[in-house]
A.B. asks: 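Dropping a structure here in structure tokens format, bear with me for questions.
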Amino acid sequence: MSTHVPDSATLSRLISTTLETVHSTKATNTQKENFNKLSSYLEKITYILQESTKFAINDSTTLKNAIEVLTKHVSEANNFALKCSSRTKIYLLLNSKTIVKTLENHTKEIANALNLLHPLITFNGLDQDIIKLSKIMLDATYQESAAEEEIVEKIKVGIRERSVDRSYANSLLVSIADILGISTEQSVLRKEYEDFKHEMESGDPIEDVAEALQIEQTVALLGKADIISTAEEREKKYFSKRNSLGRQPLEPLQSFYCPITGELMDDPVETPYGHSFERDAIEKWLAVDNNLCPITKTPLKASALRTNKTLRQSIEEWRDRNTMIFIGSIKSRILSNEEEEVIVSLGKLQDLCLERDLHQEWVMMEDYLPVLVSLLSTKNFQIRSRILTILRILATDNDDRKESIAETDDAIKLIVCSLARKIEESKLALQLLMELSKNEVARNIIGSSQGCILLLVTLSGSDDAQAAHDAKQLLENLSFLHQNIVQMANANYFGPLLHLLSSGSESVQRVMAKTLSEVEMTDHAKLMVCDNGAVESLVALLSHIDIEMKKAAILALEKLSSVPQNGLKMMKQGVVEILFGILFRESLSMPNLVEKVVATIMNLALSLTSHKDDHEETPFLESEEDVFKLFSLISLYGPNVQQNVLRMFLAVCQSPSGLKIRKTLRKISSVQVLVQLCEHENQTVRSNAVKLFCILTKDGDDETFVEHVGSKCIETLLKIVKISDNIEEGVAIMEIISNLPRNPQMTRWIVDAGALQTIISVLSNRLQKNDLMIESASGALSRFTVSSNRELQKKVAETGIIPTLVQLLDYGSPLTKRNVAISLAQFSESSNSLSAPVERRSGFFSCCGSAPDTGCAVHSGICTVESSFCLLEAIAVTPLAKVLDEPDFGAVEAALDALLTLVNGEQLQKGSKVLESGGAIAKMVKLLSSGSLRLQEKALVALERIFRQPEYKQKYKTMAHMALVEITQRGSHGMKSLAAKILAHLNVLHEQSSFF
């Protein structure tokens with residue numbers, strides 16, 4: 001076949017342009033998901049075009065024109081992507097809706113142009129690929145994200161509400177940074193904003209008036225954010241301007257007033273004749289009254305109005321100038337001895353703070369805090385109330401100011417004093433403290449303020465519903481909402497309590513440690529206590545010679561260690577070694593404390609499994625001697641110690657260092673002790689022993705279990721399954737049965753003990769059993785179905801369980817399906833040799849024309865479920881095929897293994913037919929695109945054999961084509977070779993081709 005392409009130059013240019021556009025769309029800074037969608041379409045077009053270069057194409061003007069049209073539209077998409085890459089991220093975000101619409105238009109234009117090619121490129125099925133891709137692209141839709149829509153709407157709201165403060169602008173900038181995927185560090189945000197502002201100011205004028213106005217207003221809105229400038233920069237700028245203003249306010253110029261309303265303008269707009277009006281006023285005038293200018297009486301349209309930036313800036317500067325002068329001068333009046341003047345001045349200051357967030361910053365820069373706080377000690381209720389209100393306004397939504405207020409001398413103390421005054425003032429103080437408590441530094445200062453907790457508890461029972469609610473909320477913010485709050489207040493709160501714990505007299509230290517062990521605490525409170533130094537103090541007390549001191553410290557550590565973060569902190573402080581020393585060297589002098597020490601060690605072990613990311617380097621039970629000593633406590637003490645030791649080892653065996661601990665436990669003959677504990681009368685001890693026994697069987701150390709596990713132990717375990725209501729215990733025993741060594745003697749003990757009957761009973765009553773129990777029982781059954789023990793297989797089959805296993809393929813959990821499929825696969829491995837030969841008819845009967853016995857469709861002989869364990873007779877093929885659609889890779893692999901037993905060796909032709917009728921081959925083809933490489937490889941090997949048969953090669957050629965091509969490009973070396981071989985089977989690729 002000739003590969004000459006008359007239009008090769010035109011086609012090559014199109015391919016080059018398409019590849020360039022793919023690169024451009026992937027390089028954009030915004031709308032990544034949408035541009036990647038377009039990019040994927042272009043990559044598919046590239047593939048089709050490259051494939052077409054391998055075949056002869058009729059040279060025609062029609063083809064050339066079609067290619068040129070497609071090139072034109074792809075180039076336009078490329079130019080759009082490049083344009084987007086050159087714009088600032090903020091501008092692109094603001095225009096996200098326009099970008100989405102433009103992408104849709106380009107996609108449809110390219111799809112229509114692509115449609116022109118399909119009548120002209122008809123070889124190798126490419127015309128069908130073009131039709132399919134074109135339809136997909138015509139139906140394609142692009143969407144801006146909900147977050148982008150929300151940000152654009154917030155910007156519009158901010159523009160409409162011109163009074164929005166800088167916290168709103170700050171929040172907008174942070175949200176924009178999150179969407180754009182950039183850092184919220186000040187330098188990054190500042191650069192992004194400055195780039196956007198420069199682009200808008202220096203770029204080509206925007207013709208659309210509405211868009212130009214919105215962009216201008218957006219620049220102004222984001223410019224209000226103070227996070228794009230440092231506090232030092234803002235303060236320097238403020239005082240530079242402030243010091244140049246003088247001391248007297250200026251009267252407004254006549255031009256600042258609107259000719260229509262006679263009031264100062266906020267948003268002045270200018271007519272073509274140079275007259276300025278308030279925007280709202282002139283728009284209403286033109287809409288309601290007439291279309292003439294109020295001054296010149298000449299025709300005027302709203303569209304002709306333009307923002308008078310110069311005048312608006314002048315008005316804003318005049319206002320700011322007078323406000324700065326006023327804020328700087330009013331402090332002396334607030335310090336006046338005339339109470340009325342103080343009240344009036346505070347009212348004006350309050351109004352200014354409410355008016356703009358910028359005014360609040362100026363108040364802070366003028367160092368008003370010490371002045372305001374000092375006046376909280378005045379006797380005048382109105383003055384104190386005004387100040388509490390002003391402080392709350394300053395604190396709202398500003399962490400720095402919260403800290404500044406809380407750290408001002410006597411501020412919290414004086415605010416707390418207001419809690420004890422009349423209810424109106426108490427409520428104001430509560431609201432202020434509530435706002436301050438949102439900051440961690442301020443919250444700690446409030447909590448340690450003398451008498452604060454007691455006053456809040458009192459107010460929480462107030463007749464005033466609002467005061468009671470706020471007091472309770474504040475108590476919750478301070479993390480101490482429980483009945484013992486009064487006790488903690490009497491103990492002077494946790495701060496002083498912990499101070500006394502570390503530096504008080506011995507008798508006081510003992511009382512403090514005892515208080516920590518007895519007082520009711522939430523987990524959050526326990527965390528806070530440890531974060532404030534309790535661990536270090538208690539660890540020091542563990543070494544004390546006084547037994548009662550040591551006891552109090554141990555009890556406190558036990559309570560606090562119930563929170564995993566605290567447990568990890570204690571381990572890093574060396575608590576484990578100290579507790580081991582007490583346990584193994586001092587326990588004789590304090591036997592009643594052994595239980596508490598062990599309980600504390602158990603809590604520490606549990607912390608290892610609760611926060612796995614936090615303790616990679618945390619040492620625990622590093623020596624075999626410690627493991628031996630700790631485990632030996634099981635034989636020396638009663639049930640309470642026994643269950644805690646077992647729970648501790650359960651935890652550490654599942655920690656990152658668990659393998660080493662498990663090896664040590666098997667080495668010190670712990671299995672022998674655990675076997676004995678399986679008969680313990682205490683159910684909790686027995687259950688923990690069984691679960692630890694189970695964990696130790698998972699590493700496959702056969703010698704240990706052959707030595708210590710006998711028929712009596714197995715009988716005991718199976719008895720527990722029958723009598724116990726503890727699901728975890730039953731699951732562990734089923735796993736033990738599955739994991740025990742698979743030597744003949746152990747298997748015989750297990751069978752003789754009735755394990756098979758127990759497992760069959762669990763599986764047969766699946767509707768009454770827990771899913772975990774079904775999972776573990778199905779796993780245990782697989783040890784009885786191995787193909788190397790035909791006798792045992794027959795014993796299982798004769799119970800009639802195989803149909804139940806097939807049902808579990810439909811109703812079981814993913815793990816159950818996996819286990820069941822493994823058993824069915826093991827059964828099926830024996831089917832071919834167990835299938836009975838079909839008897840040949842002879843004599844009279846052979847002449848009568850009666851139909852001969854045809855035998856099994858795969859195994860050719862006579863098959864039954866009980867005699868040959870045949871998957872066909874069990875009607876298992878279709879259920880197994882259904883499992884191939886499961887998301888769980890383990891279940892899919894096991895089902896695939898079971899199905900592939902039907903096409904082993906000489907069974908290929910007959911087995912393939914059965915797999916085809918059960919829908920399995922199509923599902924195996926889908927597995928070529930699986931996310932699991934093992935599944936891909938298994939499906940690939942199987943299909944290579946199946947596709948040697950012409951009927952399946954022809955039927956699944958199209959379906960398998962793209963997946964096989966993908967493997968040749970991205971698979972492992974072996975898989976690439978095999979996929980190419982299959983493609984050659986399918987006549988898609990010559991065996992000598994180097995394309996892949």
Side-chain angles (χ1 to χ4, degrees), residues 517-518 538 542 547-548 550-564 566-567 570-571 575-610 620-655 658 661-662 664-696 716 720 724 726 728-729 732:
S517 69
E518 292 176 351
L538 292 169
L542 287 178
I547 296 296
E548 288 305 310
K550 194 171 297 190
K551 177 180 177 181
I554 291 170
L555 293 174
L557 286 170
E558 182 199 4
K559 176 182 283 291
L560 297 173
S561 64
S562 65
V563 177
N566 288 346
M570 291 175 190
M571 292 175 75
V575 169
V576 175
E577 291 78 7
I578 298 172
L579 291 176
F580 278 0
I582 293 172
L583 194 59
F584 301 134
R585 291 190 291 273
E586 302 177 37
S587 56
L588 291 177
S589 60
M590 35 196 271
N592 58 334
L593 270 186
V594 170
E595 184 177 324
K596 295 298 180 183
V597 173
V598 172
T600 307
I601 295 173
M602 179 198 70
N603 284 343
L604 300 179
L606 291 175
S607 69
L608 289 172
T609 55
S610 298
F620 190 79
L621 288 179
E622 292 199 303
S623 72
E624 287 186 7
E625 182 181 4
D626 285 341
V627 174
F628 174 79
K629 286 180 178 180
L630 203 52
F631 194 85
S632 66
L633 296 176
I634 292 174
S635 304
L636 302 175
Y637 293 94
N640 289 341
V641 171
Q642 289 174 331
Q643 63 179 314
N644 283 335
V645 171
L646 290 168
R647 282 188 66 194
M648 185 273 297
F649 277 107
L650 272 170
V652 295
C653 281
Q654 297 174 79
S655 70
I661 303 293
R662 295 196 295 273
T664 303
L665 284 172
R666 284 192 290 271
K667 186 176 180 181
I668 64 173
S669 300
S670 63
V671 174
Q672 184 177 3
V673 176
L674 294 174
V675 167
Q676 294 169 359
L677 290 177
C678 289
E679 298 183 63
H680 203 289
E681 59 184 6
N682 184 290
Q683 185 177 349
T684 305
V685 173
R686 183 193 72 202
S687 178
N688 284 321
V690 167
K691 286 187 276 188
L692 182 56
F693 186 8
C694 173
I695 288 174
L696 296 183
T716 299
I720 293 171
S724 176
N726 188 316
E728 292 182 350
E729 196 174 25

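Heavy atoms only: backbone and side chains are in, while hydrogens, waters and symmetry mates are out.
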A.B. asks: My understanding is that only residues two or more places apart in sequence, or in another chain, count here; which of them pass side-chain hydrogen bond (donor to acceptor under 3.5 Å, both in side chains) with Ser632?
C.D. replies: none

A.B. asks: Pro639 and Val685: which non-hydrogen atoms are nearest, and at how many Å?
C.D. replies: O-CG2, 3.7 Å

A.B. asks: What do the steps show when you test Cys653 against Leu665 for side chain to side chain contact (heavy atoms under 4.5 Å, CB included), and what is the final call?
C.D. replies: CA-CA 10 Å; Cys653 281; Leu665 284 172; 3.7 Å; yes

A.B. asks: Provide the closest heavy-atom pair for Val690 versus Cys678 in the form atom of the first, atom of the second, distance.
C.D. replies: CG2-SG, 3.9 Å

A.B. asks: For Phe628, look at atom CZ and say whether over 12 heavy atoms of other residues, nucleotides or ligands are found less than 6.0 Å away.
C.D. replies: no

A.B. asks: Kindly write out the residues that satisfy salt bridge (Lys or Arg N to Asp or Glu O under 4.0 Å) with Glu548, not counting sequence neighbours, or none if the list is empty.
C.D. replies: none

A.B. asks: List in chain and number order the residues that pass side-chain hydrogen bond (donor to acceptor under 3.5 Å, both in side chains) with Glu625, two or more places apart in sequence or in another chain; answer none if no residue qualifies.
C.D. replies: Lys629

A.B. asks: Could you state the interatomic distance from CZ (Arg666) to CD (Gln672), rounded to the nearest 0.5 Å?
C.D. replies: 16.0 Å

A.B. asks: First locate atom CG of Asn688, then atom NE2 of His680, and finally report the distance between them rounded to the nearest 0.5 Å.
C.D. replies: 11.0 Å

A.B. asks: State, yes or no, whether a side-chain contact exists between Gln654 and Ile695 at a heavy-atom distance under 4.5 Å.
C.D. replies: yes

A.B. asks: Which heavy atom of Ala605 sits nearest a heavy atom of Ala651, and at what distance?
C.D. replies: O-CB, 3.7 Å

A.B. asks: In the structure I gave you, are the side-chain heavy atoms of Ile582 and Ile554 within less than 4.5 Å of one another anywhere?
C.D. replies: yes

A.B. asks: So, using side-chain hydrogen bond (donor to acceptor under 3.5 Å, both in side chains) as the criterion, who are the partners of Ser687 when residues are at least two apart?
C.D. replies: Asn726

A.B. asks: Within this structure, what is the CZ-CG distance for the pair Phe584 and Asp626, rounded to the nearest 0.5 Å?
C.D. replies: 6.0 Å

A.B. asks: Would you compute the distance between atom CE of Met602 and atom CG of Asn644 and round it to the nearest 0.5 angstrom?
C.D. replies: 4.5 Å

A.B. asks: For Glu624, which residues count as a side-chain hydrogen bond (donor to acceptor under 3.5 Å, both in side chains) partner, sequence neighbours excluded?
C.D. replies: Lys667

A.B. asks: Between Asn682 and Gln642, is any pair of side-chain heavy atoms under 4.5 Å apart?
C.D. replies: no

A.B. asks: According to salt bridge (charged side-chain N to carboxylate O under 4.0 Å, His left out), does anything in residues 684-693 pair up with another residue at least two apart or in another chain? List the pairs.
C.D. replies: Arg686-Glu729, Lys691-Glu728

A.B. asks: Which atom pair, heavy atoms only, marks the closest approach of Phe631 to Val645?
C.D. replies: CA-CG1, 4.3 Å

A.B. asks: Between atom CD1 of Ile661 and atom CG of Leu630, what is the distance when rounded to the nearest 0.5 Å?
C.D. replies: 10.0 Å

A.B. asks: If you compare all heavy atoms of Ser562 against all heavy atoms of Asn603, which two are closest, and at what distance to 0.1 Å?
C.D. replies: N-ND2, 3.9 Å

A.B. asks: Who are the salt bridge (Lys or Arg N to Asp or Glu O under 4.0 Å) partners of Glu679, not counting sequence neighbours?
C.D. replies: none

A.B. asks: Quick one: closest heavy-atom pair of Gly567 and Leu604, and the distance?
C.D. replies: O-CD2, 3.5 Å

A.B. asks: Do Val627 and Phe649 touch side chain to side chain, with heavy atoms closer than 4.5 Å?
C.D. replies: yes

A.B. asks: Would Leu583 and Val594 count as a side chain to side chain contact (heavy atoms under 4.5 Å, CB included) if you check the C-alpha gap in whole Å, the side-chain angles of each, and the deciding distance to 0.1 Å?
C.D. replies: CA-CA 6 Å; Leu583 194 59; Val594 170; 3.7 Å; yes

A.B. asks: Tell me every residue that passes side chain to side chain contact (heavy atoms under 4.5 Å, CB included) with Asn640, counting only those two or more places apart in sequence or in another chain.
C.D. replies: Glu595, Gln643

A.B. asks: Go through the structure and list residues passing side chain to side chain contact (heavy atoms under 4.5 Å, CB included) with Ala689, not counting sequence neighbours.
C.D. replies: Leu646, Leu674, Leu677

A.B. asks: For Arg662, which residues count as a salt bridge (Lys or Arg N to Asp or Glu O under 4.0 Å) partner, sequence neighbours excluded?
C.D. replies: Asp699

A.B. asks: Can you tell me how far the CG atom of Leu593 sits from the CD atom of Glu558, to the nearest 0.5 Å?
C.D. replies: 10.0 Å

A.B. asks: Name all residues meeting the salt bridge (Lys or Arg N to Asp or Glu O under 4.0 Å) criterion together with Lys559; count only those two or more places apart in sequence or in a different chain, and write none if there are none.
C.D. replies: none

